Amino acid sequence: MSAPEKIIPTVKKNTILLMLEKGERLDGRKLDEIRKIKIETDVIGNAEGSAIVHLGNTIVIAGVKLNIVTPYADTPNQGVQIVNAELIPLASPVFEPGPPGEDDVELSRVIDRALRSVKAIDLDKLVIIPGKKVWAVYIDIYALNHSGNLIDASMLASIAALLTAKKPKIELVNDQIKKLDEREKLPITDIPVTVTFAKIGDKLVVDPEYEEELIMDARLTFGITSNGNICALQKGLCGTFKPSLILEALEIARKVADEYRNYIKSFIQI
Amino acid sequence: MSAPEKIIPTVKKNTILLMLEKGERLDGRKLDEIRKIKIETDVIGNAEGSAIVHLGNTIVIAGVKLNIVTPYADTPNQGVQIVNAELIPLASPVFEPGPPGEDDVELSRVIDRALRSVKAIDLDKLVIIPGKKVWAVYIDIYALNHSGNLIDASMLASIAALLTAKKPKIELVNDQIKKLDEREKLPITDIPVTVTFAKIGDKLVVDPEYEEELIMDARLTFGITSNGNICALQKGLCGTFKPSLILEALEIARKVADEYRNYIKSFIQI
Amino acid sequence: MSAPEKIIPTVKKNTILLMLEKGERLDGRKLDEIRKIKIETDVIGNAEGSAIVHLGNTIVIAGVKLNIVTPYADTPNQGVQIVNAELIPLASPVFEPGPPGEDDVELSRVIDRALRSVKAIDLDKLVIIPGKKVWAVYIDIYALNHSGNLIDASMLASIAALLTAKKPKIELVNDQIKKLDEREKLPITDIPVTVTFAKIGDKLVVDPEYEEELIMDARLTFGITSNGNICALQKGLCGTFKPSLILEALEIARKVADEYRNYIKSFIQI
Amino acid sequence: MIGMPTKKGTPIVLLKENGTRIDGRKPDEIRPLKISVGVLRNADGSAFIELGRNKIIVAVYGPREVHPRHLALPDRAIIRCRYHMAPFSVPERKSPAPSRREIELSKVIREALAPAIFLEKFPRTTIDIFIEVLQADGSTRVASITAASVALADAGIPMKDLVAAVAVGKVDSQLILDLNHYEDQYGEGDMPIAMMPSLGEITLLQADGIFTPSEVRAALDMAKMGIEKIYNVQKEALRKKYSSLLFR
Amino acid sequence: MIGMPTKKGTPIVLLKENGTRIDGRKPDEIRPLKISVGVLRNADGSAFIELGRNKIIVAVYGPREVHPRHLALPDRAIIRCRYHMAPFSVPERKSPAPSRREIELSKVIREALAPAIFLEKFPRTTIDIFIEVLQADGSTRVASITAASVALADAGIPMKDLVAAVAVGKVDSQLILDLNHYEDQYGEGDMPIAMMPSLGEITLLQADGIFTPSEVRAALDMAKMGIEKIYNVQKEALRKKYSSLLFR
Amino acid sequence: MIGMPTKKGTPIVLLKENGTRIDGRKPDEIRPLKISVGVLRNADGSAFIELGRNKIIVAVYGPREVHPRHLALPDRAIIRCRYHMAPFSVPERKSPAPSRREIELSKVIREALAPAIFLEKFPRTTIDIFIEVLQADGSTRVASITAASVALADAGIPMKDLVAAVAVGKVDSQLILDLNHYEDQYGEGDMPIAMMPSLGEITLLQADGIFTPSEVRAALDMAKMGIEKIYNVQKEALRKKYSSLLFR
C-alpha cells in the first residue's frame, strides 16, 4: 500500500467540508442521495447465483455456491449460510495482499447478520435429510473497484445473487441423494438492504464516495428489511453519534432503503 | 514488547548477586523458600474444572473442559489428554501477541509430561466405547500476571482444576451416549507438582521471582509425584549444571514439593 | 539469506561467458554433458522406498511412504499420488526457513506432473476397496546440498525411490483390511526423467552447476518418458526462447534422458 | 463458522407471564455488577468485571513505544486491542486461535474506546488493551468495554469521559436490558451500545435481530438508563480501587 | 491435493468423426475472444478478458513504491503477481485461500510477462499485477497472461512487445488449439505457451500429458498461429479502448 | 497431538531374562555409532550421525549476518536452531510442517549447544544450526546434539568443549543406556542428557516417565559413562574428517 493513496490533500478536504455546510457534495449529489446503480445477474455460469453491482464507480461481484454438507451439531435441522468477503488489492491501492484482515471480516459479518436476522434465506427449507444432510449456501463477495461504500454495494450484490440463484432439485432414493437437472429458486423470504452513512463533522452523507470516506469521522450502517424494520446496525471508526442523530439517520435510511430496493426490482424479475 | 522491560538495572542485579552470597533474596525469602500461595477452585462455572493460583504476585488460571471424541488410532482404549498454555500479552509486557511461540509450547509440554508420566489422569478409565468414543480432557492454562515461575504456578493450577473437575455420568443406550445430570470426579491418581529453580551464578533459588529470572543463567524444573519420585525434568536456558548440583537440587525439590502439595490440600478437599 | 551468497563476482561471470563461447564450462564439461551420478536406494528403513542421489555435488533424498486413505471424490477408483519438495536451509545459504515458497511448490508440481502424465505410478492398481479405500503414495523430497539442477536430481531420487519401494500385501476379510508381512513392488509403468537446461546468453547448458544457475537467463526442463516422448515441460525465470531453440534442446534432452536412465539402471535392478 | 451463533428454535420461556425474565429480573434491570480495579501488578492499568456470570479481565499497557516502529503515528498514539475468549469460558470448548468473531469484536471495541482517549497527547506511542473473557454469559463485548474503560483510567490515561456499555435485547417482542446468555441465544435481537455518559455520545452501536424504528428509539433510551447505572459503578470502583481478584 | 487436477477416465467424446470438437470448433480454432481495456478506475491499468466462458479481470498498479522497502532493487523494478480464482469461478466451490496451483501459476505468469517490460526504467519500484479469475473454463493461465499484458500497456508501462498466450491440447491423439474446460479435464495433454509475437520469443512454456517430439514441433506451430490471432485482438482492444465491464 | 507420543500398553519383552535388551545389547551398552564430518559442501560445517538406525544430518552456517537485522545482538552472536524430522523418517508418515514437539526440541537443543560456544567472539552475527532427522530410531534429540556439536567444530567455531549427549531409559524397572525406538515407545522412562564432557557440565536435561531419586543419581552416572564413549567417537571423527554420506 502506498501511503499517499490514503491521504487526501488539505485543499480538497476543506472544499468537501465547505460544500457540506451548504448541503452540497463534490459529485453534485444531495446529502441523502445515492449514486446510480447498475445490476447484472447470472454473470457467472459456474455459480448457482451471481451478480455484479456498480454503485457509482464502486464495483462488487457476489457469487452464490451450493454444497451438500452435514449440518452444525447445534442446528441439525437448518441449512448453513456462509458469507465471505475479500478486499483484494485488485480493487484499490489501499488493499494489501494477504489473508483477510479485520476490515474483510467486519464486512463479511455485517452482510451475514443482515441476512440472518431477517431469515432472508429460509434455512429451515434447506434440509435434505434432517440432522444429516443440508444445503450450505456460500456467498462470496469480491470488490473489483473500491470507490466508497463497499458495504451497501456488497449487500446489493449478495441479495441480487441470492434472488436469482437456482438450486438443483433433489430426489431421495433410499437415503441416497440424487441431484436432478431441474432447478428451482432458493427460498428467499425478504430483500434486506443496508444503508450506510458517513459522518463528516456533524453532517451525515449517505452512500459515501471514497474521498468522503477518507475524511469521515464515523460510519453508520443500517440493515433494513422489506417492511422498513432494522435487521442490522453497525457503527464504524472512532467518531461518535448523539442518539438523536442516529434516529434522524434511521428515518433517512428507511427512505433510501426503498430506493435501493427499487433499483433491485428494476433489474431483477422477482 | 518494549525492550526496556526485559533488562534489569545493573545496580539491582548486583544487589541480588550480593544478597545471594549471603543467602538472602530481595523479597526476604530464603533460597529454598517458596512464595505464599492462594488457590481458588471452581471459579469458572462453564468449565468442568477450574482453578486460579496466586503464587506470590504470579497469577495463573487453568480450566478443564471435557469433550467426547474418537480416540487416537494408536491408543484406542485410552482417553485423550491435551494441555495448552498461552503466554498472553495481558500477563506481562514481555509477552507478545500472536500464535504460541516456543516458550508457550515448552510450558505446555512440561506440564503435559509431568501429568502423563505419573498417569495423574487415569486415561484408561476415560473410555466410553472402546476404540470409538472416549473422553478428551483439555487443560487450558492462561497466565494473568507473570511475576516469575510460571511453570510451578501452571502445574498447581492444572492439578487443582483436575482434582475438582466434575464429569457428567454417561449412560449407553444402544451405543447412543446419553449425558446424565449426575456428576462424578475425574479419575485422578496422583498429585504431581513441579519445583523450579533459578541458577544464578553458582546459587540455586527455588520459585524464582521475575527479577531473579531476568538474571538467571539456567532454569531447572523437577516434576515430583506424591511419593517423592521424579515424573519430569526440564532444564532451560543456556547455563549449565554439574551433576552434583542437580542431585542437591533434587533433595530440596522433594521437600518443596511437599510444601506445594500441602498448600493444595489446604485449599482443596481431596 | 545473506545477500552476498546469491551474487557471483563479475570476473567469474565473464569467465563463464567467455568459456561458453568456446563451448567450454568451468568444471570441464561439454555443454550437453551431465555430471557424475551416484544413487543409493533403500537408505531409509522406515520408508517404503527411498533413494539418495548425488548429481555432482548436488545431493537430494527422496522417501516414499504409503498410507491407506479414502480416495478423492472425483477419482473413487484411483490411488492417490502426493509429491512434496522442501528447499530446506540446510542445503544452501540461499534457502530460508519457513513454510514452502513458490520455488518449493514449483519443484513439487513439476515432479508430480512428470510422474502423473505418463502414469508412472499405475494409480488404477492402488485401489483396495473401490470408492472407499485406496493407497496413497507420498513422495517427499529434501535437498541436502544445492549445487545446481535440483529438478533433475529430485526426479532421479523420486523415480529411484519408487522403483525400489515395497508395498505390504493386503488381505480383505469382510471388508476389513489386513496388512500382510509379504511385500511387493509398486506398480511402476515407466521411468520418466527430467532434463534441465540453463540458457546463458544464447547458449544452452545441460545439468547446470549452481554458478551457472546464478547467471542463467532462463531455465528449461523436459520430462522424458522411457520411449523418448515428452511428459512435462517447464520454462523458468524471466528469459525467453525462440521456438527453434526449444526444438534443438528437445533433441539433446532425449539423448541426455537415456544417459540419466542408464545411470538409474546401473544402480537399480529393475 | 462464519456469522453469529445460530439461534435455536427451541421453545424456551424467556419472559414469564408476570413480566419477569428467566433469571428473575425485570425487563429493564441489569444483572449484579462488580468491578475491581488494579487487579494485575504488571499492567499499567487493569480491571476485573463480573456482570452476572460474566468474568472478564482487562489489562492496559501504555502509552509505550510501538514495535514495529513503522506502525507509530507522528501526531497521536495508536490503540491496539485484543478481545479473546479463553477456551473454557463457554459451554463447548473454544479453540484458542482467534475466531472471526473475536477479530471483529477486537475492532469495534477499539473503536468504542478510542473516542474517549486524548490520543494526541502521546504521539508515536501505543496504548494496548488486552481483554480476556474467562467466563462468558452474554453481552461480553459491552462488559469488556465497561471494564477496559476503567482499566484505561486506572493506567492514568487522560480521558474525555469513561465509556460505559450495555446490550439491549428483545424477547417475546419486548425490549430487555442487559441480555444474558440464554436471552442472547434464544432471543429475537441483540443491540450492544456504548456511550460516553457525561457527553451523551454513542461510541459503539451494533445490532442483530429485528427491531422496529420505535423499538430502536426505545432501545436507545433503555440503554442510556442502564449505562447511567453502570457508569456509577465504574466511578465508584475507581474511587474505591477495590482490587481483589478473588472470584467469590 | 498436490498436483494437477485428476483426469477421469470417463468416456467423453471430445472429437467427433467429422473432426469437430465438443463445442463445435475445428481443431485449430480458438474460442470467441473479447478484451475490454481500462475497466477499473482505481487501477493504473486494467483489462477484462472473455475467452469462451472464461471471465478474468486484471488490474495493474505501478510503477509505485515498494513496501516493505528492502524488497526494492537499485537497478530495476520488481514485478509482483497474484493469480487467484474466485470461489465461485469453478463448478465445485474453491476455498478462497491460495492453493499450491495458484502459487505456481502466479510465479510462471510473472515470469511470462517480465521479459516484455523495460524494468530497468523504473528502479526501486514495483509493478503489481492482480489477476482474478471470475469464471474458469480451461486455459485460464494463458488467458490471464493475454489480459495482463493488455493491462500493463493500459497502465502506460513501456514494453518491448505485448505477450499473447494460448494453450495447445491433445484429444484422441490429435492436437487442438485453445483447449476448454472439458478438453483440459478429459484430454490427453495441455501445453500452455506465451510469446512476444513480434519478437518471436517464447516467454512461457509448460506441459503435462504426453507429446511426441513431432507433436511438440506441431504444437509450437499451432500455438504461434493462435497467438497471432490473439495478438490482433489485443492490439485492436488497445486501439479502441473498449472499456465496458458488462458481462453480456 | 500435544504432548509426548503415547505409550501403548502392549506386552513387549524389552529385557530378557539373561539381562539383554531387545536388540541384544547389555543395559549399559550404546548402539553402534558412526559420525562423518564435512559431508555437505555448502554448509560451513556439517556432520552425519548414525546411532543404531538413527540417521541424522546437521548443517551449520555462520557466524554470518543476521536477517532481519533487528534480531542481532551488539555483544554476541545469536544461535538459531531448527530440528526437523523428514516425513519418511518415522513408520507413519509425519506432516512436513513443524510439530509442537519439533518446536520444543529446537529450543532445548539450541540451549544445550549454546553454553559450549564462545558467542561473544562474534557480535552481531548468527550461527544457524539445521538438523534433519532422516531416520528416527529413538533418542533423536541427543544424537542431534552430538552431531551438531561436531558440525560446529567442523565450521571452525571456537568452542569451550564439544557437547555429547545420550539418553538413559528405564525398562522393567532397570536403567538402560541409549534407548532405541521400542524402548522409548514401550519403556517406562526417558532421560536425555547432554554434557560438555571435559568440563563435566550438563547442558541438557529432560525426563519423562518415573524415576526414583536414586535412579536419577544412577542415570546421571550411566549417562556420564555413555557420554565419554560418544565424546571419543566425536573426537575421532573430527581427527579423521571421514566425510562420506554413503549410507552403507
Side-chain angles (χ1 to χ4, degrees), chain A residues 71-75 77-78 80-84 100-119 123-124 138-139 217-225 227-247 250-251 253-254, chain D residues 1-10 79 81 92 98-108 110-117 119 160-161 163 185 188-196 199-217 219-221 223-224:
Chain A
Y72 292 123
D74 56 346
T75 52
N77 296 317
Q78 285 193 4
V80 167
Q81 167 185 321
I82 289 174
V83 176
N84 167 60
E102 63 178 26
D103 290 328
D104 312 56
V105 169
E106 185 187 29
L107 174 54
S108 304
R109 286 175 54 85
V110 169
I111 304 297
D112 184 75
R113 285 198 289 269
L115 290 170
R116 198 178 289 276
S117 290
V118 67
K119 297 182 177 57
L123 297 178
D124 297 339
Y138 295 87
I139 302 160
D217 301 296
R219 202 192 60 217
L220 185 61
T221 297
F222 295 87
I224 313 268
T225 68
N227 52 24
N229 286 329
I230 277 68
C231 58
L233 283 175
Q234 184 84 351
K235 185 223 129 191
L237 303 199
C238 297
T240 63
F241 290 88
K242 295 267 181 216
S244 55
L245 191 58
I246 284 166
L247 295 171
L250 169 53
E251 285 318 304
R254 294 178 76 209
Chain D
M1 180 189 142
I2 298 160
M4 295 292 290
T6 314
K7 321 239 164 180
K8 281 193 207 172
T10 326
I79 304 182
C81 177
E92 283 289 308
S99 66
R100 290 170 68 94
R101 179 179 168 276
E102 285 166 298
I103 290 167
E104 186 199 352
L105 294 202
S106 296
K107 177 181 189 291
V108 297
R110 186 186 73 231
E111 293 173 345
L113 294 165
I117 304 173
L119 294 172
K160 298 167 197 163
D161 195 358
V163 180
Q185 201 73 350
E188 296 149 28
D190 174 14
M191 193 188 296
I193 300 172
M195 290 185 83
M196 293 189 285
L199 303 176
E201 293 281 344
I202 290 175
T203 69
L204 173 130
L205 179 64
Q206 296 186 286
D208 64 26
I210 300 292
F211 293 89
T212 65
S214 61
E215 281 170 348
V216 173
R217 180 180 303 267
L220 290 174
D221 288 343
K224 206 170 172 181

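Keep in mind the model is a prediction, meaning the values are calculated, not measured. We name chains A, B, ... by the order of the sequence lines, and we start the count at 1 in each one.
For a residue to count as touching a neighbouring chain, one of its non-hydrogen atoms must lie under 4.5 Å from one of that chain's; by this rule D/Ile79 does not touch chain A. Heavy atoms closer than 4.5 Å to chain A are found in the side chain of D/Leu220, but not in its backbone. Residue A/Leu123: no heavy atom, backbone or side chain, is found under 4.5 Å from chain D. With a threshold of 4.5 angstrom between heavy atoms, A/Ile246 approaches chain D through side-chain atoms but not through N, CA, C or O. In this structure, the portion of A/Leu250 lying under 4.5 Å from any heavy atom of chain D is its side chain and not its backbone.
Options D/Pro115, D/Ala194, D/Ala207, D/Ala116 differ in how many heavy-atom pairs under 4.5 Å they form with chain A, and the most are formed by D/Ala207. Contact count against chain A (heavy-atom pairs under 4.5 Å) is highest for D/Ile210 among D/Ile210, D/Ile103, D/Val216. Most heavy-atom pairs under 4.5 Å with chain D, from the set A/Asp103, A/Val105, A/Val118, A/Asp104: that is A/Val105. Note on D/Ala112, D/Pro213, D/Ser106, D/Ala114: by heavy-atom pairs under 4.5 Å with chain A, the leading option is D/Pro213.
Under a 3.5 Å cut-off, the side chain of A/Arg116 and the backbone N or O of A/Gln81 do form a donor-acceptor pair. Using modelled atom types, no side-chain atom of A/Arg113 and backbone atom of D/Asp208 make a donor-acceptor pair closer than 3.5 Å.
In this structure, D/Gln206 and A/Arg109 have side chains that are not in contact, with every pair of non-hydrogen atoms separated by 4.5 Å or more. Taking the side chain as every heavy atom from C-beta outward, A/Ile230 and D/Glu215 never approach each other to under 4.5 Å.
When each of A/Ile111, A/Asp112, A/Asn84, A/Val83 is tested with A/Ile139 by the rule side-chain contact (heavy atoms from CB on, under 4.5 Å), just one qualifies, namely A/Val83.
Counted within 6.0 Å of CZ on D/Arg217, heavy atoms from surrounding residues, nucleotides or ligands total 12 or fewer; the atom is thus considered open.
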- Message: Between D/Ile202 and A/Thr240, does the side-chain contact (heavy atoms from CB on, under 4.5 Å) criterion hold? Intermediate values first, please.
- Response: CA-CA 5 Å; D/Ile202 290 175; A/Thr240 63; 5.9 Å; no
